[in-house]
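Every heavy atom of this structure was used, including side-chain atoms; hydrogens, water molecules and symmetry mates were not. Computed from a predicted model, the values in this text were never measured in an experiment. Each chain gets a letter, A, B and so on, in the order its sequence line appears, and its residues count up from 1.
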Amino acid sequence: MRQTDPDTPLYSIGVVERLTGLTARQIRYYEEVGLLEPARSPGNHRIYSPREVDLLLSIKSLTNQGFNLEGVRVILQQRPTGAPQEGGEPEPDSRSPTLGHPRRLSSLYPVNNREDLQTRLETSLRKAKEENV
DNA sequence: TTTCTAACA
DNA sequence: TGTTAGAA
């Protein structure tokens, strides 16, 4: 009965502010630069789905690690959120969050240690995910 | 009260 | 990014 669909729009921007620790200004700005596109209520208010909250947490994690929004965009394009990929994939390990394949983003990475970066990102994402449950 | 858009510091 | 103005 409980709605578990991660794509169902459920939260107002105010709720998302508390859930993510981001300001409404930041949340709207990330939308402006094309990082996400939340649903809208009849009154034009933004409504965020659990998946978008998760995405926002990923963005927060990445920016906190020194990525600018352009870098965040590139990374998220490689692997958005754990969205169900069309094609009929059974679902191996929905555990693995975002960043799965580091690539040659030399100038985008503020550090040389990609593995460490990836590890830190996955750790924070896993935590956020567990808390979100 | 909360959120929206637009715009300025 | 913060913050404000005026409108839903």
Does any non-hydrogen side-chain atom of A/Ser49 lie less than 4.5 Å from one of A/Leu10? no

Heavy-atom contact window of chain A on DNA chain C, given 5' to 3' at under 4.0 Å: C/dT1 to C/dT3

Under 4.0 Å, counting only non-hydrogen atoms across every strand here, what does A/Ser41 touch: a base, just sugar-phosphate, or nothing? nothing

For A/Lys60, is there any backbone N or O sitting under 3.5 Å from a side-chain donor or acceptor partner on A/Asn64? yes

Between protein and nucleic acid, restricted to nucleotides 1-4 of chain B and to nitrogen or oxygen atoms under 3.5 Å apart, what atom pairs and distances do you find?
residue: B/dT3; atom: OP1; partner: A/Ser12; partner atom: OG; Å: 3.2
residue: B/dT3; atom: OP1; partner: A/Gly14; partner atom: N; Å: 2.7
residue: B/dC4; atom: OP1; partner: A/Arg46; partner atom: N; Å: 2.8
residue: B/dC4; atom: OP1; partner: A/Arg46; partner atom: NE; Å: 3.1
residue: B/dC4; atom: OP2; partner: A/Arg28; partner atom: NE; Å: 2.9
residue: B/dC4; atom: OP2; partner: A/Arg28; partner atom: NH2; Å: 2.7
residue: B/dC4; atom: O3'; partner: A/Arg40; partner atom: NH1; Å: 3.4
residue: B/dC4; atom: O3'; partner: A/Asn44; partner atom: ND2; Å: 3.3

Would you say that A/Leu22 contacts A/Tyr30 through its side chain, given a criterion of any heavy-atom pair below 4.5 Å between the two side chains? yes

Within-4.5 Å side-chain heavy-atom neighbours: A/Glu17 and A/Ile27: yes

With a 4.5 Å heavy-atom cut-off, do A/His45 and A/Ser12 have their side chains touching? no

So, using salt bridge (Lys or Arg N to Asp or Glu O under 4.0 Å) as the criterion, who are the partners of A/Arg28 when residues are at least two apart? none

Transitively linked via ILVMFWY side-chain contacts under 4.5 Å: A/Val16 with A/Ile47? no

Does the side chain of A/Leu76 reach to within under 4.5 Å of the side chain of A/Val72, using non-hydrogen atoms? yes

